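A quick note: this is a predicted structure, and the numbers were derived from the prediction, not measured. So you know, we letter chains A, B, ... as the sequences are listed, proteins then strands, and number each from 1.
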Amino acid sequence: MSIPSVSTKGKASHTFDAIVIGSGISGGWAAKEFCEKGLQTLVLERGRNVEHGDYPTAMLESWQRAYRGRNTPEFNRANPILTQVGAVNDADRDFFVPDAEHPYVQKQPFSWIKGYQVGGKSLLWARWTQRWSEADFEANSRDGHGVDWPIRYRDLAPWYSYVEKFVGIAGNRDGLPQIPDGEYLPPMEMNALEKHLKAQIETNFPDRNLVISRTANLTQQRGNRGPCQYRSRCNRGCPYAGYFSSNSATLPAANATGRLTMRPFSVVHSIIYDETQQKAVGVRVIDTNTLETTEFFARVIFVNAATINSTLLLLNSTSERFPQGLGNDSAQLGRNLMDHNYRVKGYASHDGFKDRYYSGRRPTGVLIPKFRNVGTDKQENFLRGYAFSAGGMRNRGNIGPDTPPIGAGFKKALSEPGSWGMWLGSMAEMLPHPENRITLSATQTDRWGMPQVEINAVHRENEEAMVKDMLVTAEEMFHAGGFRNINVRDSKEPIGLGIHEMGTARMGRNPRTSVLNAHNAIHAVPNVYVTDGACMTSSSWQNPSITYMALTARAVDHAVQQFNRHEI
Amino acid sequence: MNRRDALKSLLTLSGSVTVFGADKFLAGEHNADVEHVMRQFTPELLALLGEIAETIIPATPDSGGAKAAGIATFMEEIVSNHGTSEEQRIFFAAAPAIDAAARTTYHGRGFTELSVAEREVHLLTYESQPQDPGYAAIKQLTIWGYFTSEVGQTEALAYDPVPGAFQGDIPLQPGQKAWN
């Protein structure tokens, strides 16, 4: 990837056809699509470069890791927010942003988890890739919360297929309306306990299902990527390209066209709006090494900085025409912040299947798709619904009442497969609410001179009612499966730890009540598109990345048509 | 289950969670004067700790034990860097007390002078409840350190760093060890 010289101030050398702000899961897709459709494309990434393969911890074993894989005491003390994420450890923490690097104001508890490098959080994502359903796009219009989505499932379905074919997704075609079937590689297998729970759930609760999660790990080789080696060390970066990331997939494809320019260490300060042309003409960039400001220009700009930073950038892009932030005629910019509610967590053990085991480490789990308010089901106490993620495993250590407490017998028992256990977690929809919002601090800035973000969001009546129901349904499914030591609880963890923050620049039909149109362009600024989580009009419950990818590919297709017709 | 929960679960299985050890060590308490603490790990203490740990997890025909896994050095690193001063006090008192008790029981012979069978009998006296917190700490560190060591991972467990394939539901073979 070519990197332009900071000292080059000539406007021509700073002018591209398209600028993409951010190189994570949606920015990577924007870059690939623009480059492959013939546009000279500049990608601005605030963090450092990470080339595919540059994963220094990928092959480390426990005894080679500091503190045997635990975070150091210094790291834990310095990062009370980040270390709430169970996945953060010494082998992947260089892909997460330390708490002190980017401060923000918590008006209510909100854990903002960030990944600042080329590839963004696409290196860290859970890789679960369920499609949204018809009902999910209709939900706002049916119950009146939020505004109506300007698109329906049929608008996005071909784009889901388009991105799935490139990404490579292992999955089963389950034929369930809540999770429409897509373009799948062979699924990964369930283990004995998961098969058992599936049978018990589907027998005892006819409205519920348990399926293997559709997952962006390659069960078959795709080009020069994969297949997955079943190490389940994805978060360190995969030298086998066994899972989809910007680094392993979209950015190399973009680069192969010869039209990609990648500029790391680039925080975008604001989008430059031209009052005469009534469109955006470029961006102001802060170089994070020198803190110098540079301008870059293009006819089309894609904002893919991840939800909160995308909206921060728009709010910070003020002009005579847009004193409250670019495209903020509706005063909705910053509002309707959502995150999936992962508060309910469970664990239970099972005494059976002592004669069964597995081989390899499957990098995904099983899914109990949404069953409340599906089809003819109508819940009295809450709108929308939730799913559960889950996974079975055999614990290490086969300690019984007769196991000696020390010595050779003790060692042998600790080395054997032990009892089976199953974890479970909620994935619940959060309603869009205008008072769940982000604003910019009037007084506090960050090290790059940008205003700090103030985050003010809470779970409200509907979310709390859903938690109560999830506690009941999780427990009753464990009971139906014959589990013991059932522990289902409300962790009460802060919003944000789903790491699915979305909303704040919603799509909609009406410019008076929404920021973006049906193609993700700002209603009043047709050459600026937002296709990351900020665009979301509602949250549904599915892990959102595959939807961002589909929306992005669709939006680029629209933008390039406009570009070629000289309408932008 | 994250690693912290998994470790707690393992330690619970081993019957060793009492008032001291896993939770505090895992909480990442930090000692500001690491050098001072490390100086208390004399060669004699390290040797004694190694023999106590080897009695808890001995070498067996299929795999090395705690000494081969360098558990005494591991304890030195963890206790010096992570232990609170109270935990360190308990920890440092534990091994000498075990040694002194051996001298009383075995007519002047210290722990390292006992036969393997005598060492095991001696340590079993510490397994009665409520468990001595110093002994519990040594045992917990031994288990944790051993099963994250190269010896523990590659010899005591079924080591498979790059499986290359996944089989979700297969019969457990006789003698199958747990995956590392």
Side-chain angles (χ1 to χ4, degrees), chain A residues 59 61-65 67-77 86-87 89 188-192 194-195 212 219 227-231 240 347 354-363 393-399 403-408 410-418 421 423, chain B residues 1-6 9-10 13-16 26-30 55-58 60 62-63 65 69 74 77-78 81-82 120 123-124 127 139 143-154 156-158 160-173 176-180:
Chain A
M59 306 305 284
E61 298 294 337
S62 56
W63 63 89
Q64 298 165 323
R65 294 168 59 184
Y67 298 99
R68 298 284 166 93
R70 290 176 38 209
N71 289 317
T72 62
E74 294 77 10
F75 186 81
N76 286 331
R77 271 203 316 279
N89 60 55
M188 296 179 203
E189 197 184 359
M190 292 187 204
N191 62 41
E194 292 161 346
K195 289 177 182 176
I212 189 80
T219 49
C228 175
Q229 297 298 303
Y230 303 97
R231 306 158 73 237
Y240 307 94
Y347 183 81
K354 289 285 168 57
D355 58 345
R356 309 299 296 176
Y357 207 19
Y358 42 75
S359 174
R361 298 176 194 86
R362 191 187 62 199
M393 62 186 176
R394 260 196 107 154
N395 293 305
R396 201 173 75 201
N398 187 28
I399 304 285
T403 305
I406 58 170
F410 179 60
K411 176 187 178 188
K412 179 172 183 289
L414 284 180
S415 304
E416 290 174 346
W423 61 266
Chain B
M1 185 189 291
N2 62 30
R3 181 175 45 254
R4 182 171 298 194
D5 290 340
S9 160
L10 179 65
L13 282 171
S14 76
S16 299
L26 291 170
E29 298 290 345
H30 179 68
T55 307
I56 296 169
I57 298 187
T60 46
D62 66 342
S63 55
F74 171 77
E77 179 194 328
I78 296 299
N81 286 287
H82 294 247
E120 198 163 308
L123 284 196
L124 281 171
E127 289 289 342
K139 183 172 178 181
I143 297 167
W144 173 25
Y146 180 77
F147 283 101
T148 53
S149 72
E150 184 168 8
V151 169
Q153 288 267 302
T154 64
L157 298 171
D160 194 7
V162 187
F166 178 72
Q167 296 175 280
D169 186 15
I170 55 177
L172 184 72
Q173 299 299 328
Q176 168 73 48
K177 292 178 173 179
W179 299 114
N180 70 303

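- Between I143(B) and F410(A), some side-chain heavy-atom pair lies under the 4.5 Å cut-off.
- Annotation: the span from W179(B) atom CH2 to Y357(A) atom OH amounts to 7.0 Å, rounded to 0.5 Å.
- Distance CZ/R68(A) to CZ/F74(B): 5.0 Å, rounded to 0.5 Å.
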Worked verdict on L172(B) versus R394(A) for side-chain contact (heavy atoms from CB on, under 4.5 Å): CA-CA 11 Å; L172(B) 184 72; R394(A) 260 196 107 154; 3.7 Å; yes
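- Contacts between E77(B) and chain A at a heavy-atom distance below 4.5 Å involve the side chain alone, from C-beta outward.
- Heavy-atom pairs under 4.5 Å with chain B were tallied for G407(A), G360(A), C228(A), G418(A); the largest tally goes to G407(A).
- For the set S415(A), A413(A), A408(A), the entry with the most heavy-atom pairs within less than 4.5 Å of chain B is S415(A).
- Partners of K195(A) by salt bridge (charged side-chain N to carboxylate O under 4.0 Å, His left out), not counting sequence neighbours, listed by chain and number: E189(A), D169(B).
- In terms of heavy-atom proximity, P163(B) sits nearest to R361(A) at CG-NH1, 3.7 Å.
- Among the candidates L124(B), V162(B), D160(B), V151(B), the residue making the largest number of heavy-atom pairs closer than 4.5 Å to chain A is V162(B).
- Here S62(A) is the residue among P227(A), S62(A), A87(A) with the most heavy-atom pairs under 4.5 Å with chain B.
- Across all non-hydrogen atoms, the minimal contact from I406(A) to T55(B) is CB-O, 4.2 Å.
- Listed here is the closest heavy atom pair of A178(B) and R396(A): CB-CG, 3.3 Å.
- Y67(A) touches chain B through backbone and side chain together, each having a heavy atom under 4.5 Å away.
- Minimum interatomic distance between S63(B) and K411(A) (heavy atoms only, all atoms of both residues): OG-NZ, 2.7 Å.
- When each of T154(B), N180(B), L123(B), D62(B) is scored by its heavy-atom pairs under 4.5 Å with chain A, the top score falls to N180(B).
- Listed by chain and residue number, E416(A) satisfy the side-chain hydrogen bond (donor to acceptor under 3.5 Å, both in side chains) test with K412(A) (two or more places apart in sequence, or in another chain).
- Of the inter-residue distances, the one linking D355(A) atom CG with Q173(B) atom CD reads 11.0 Å to the nearest 0.5 angstrom.
- P404(A) is not listed as a side-chain neighbour of E120(B), based on a closest heavy-atom distance of 4.5 Å or more.
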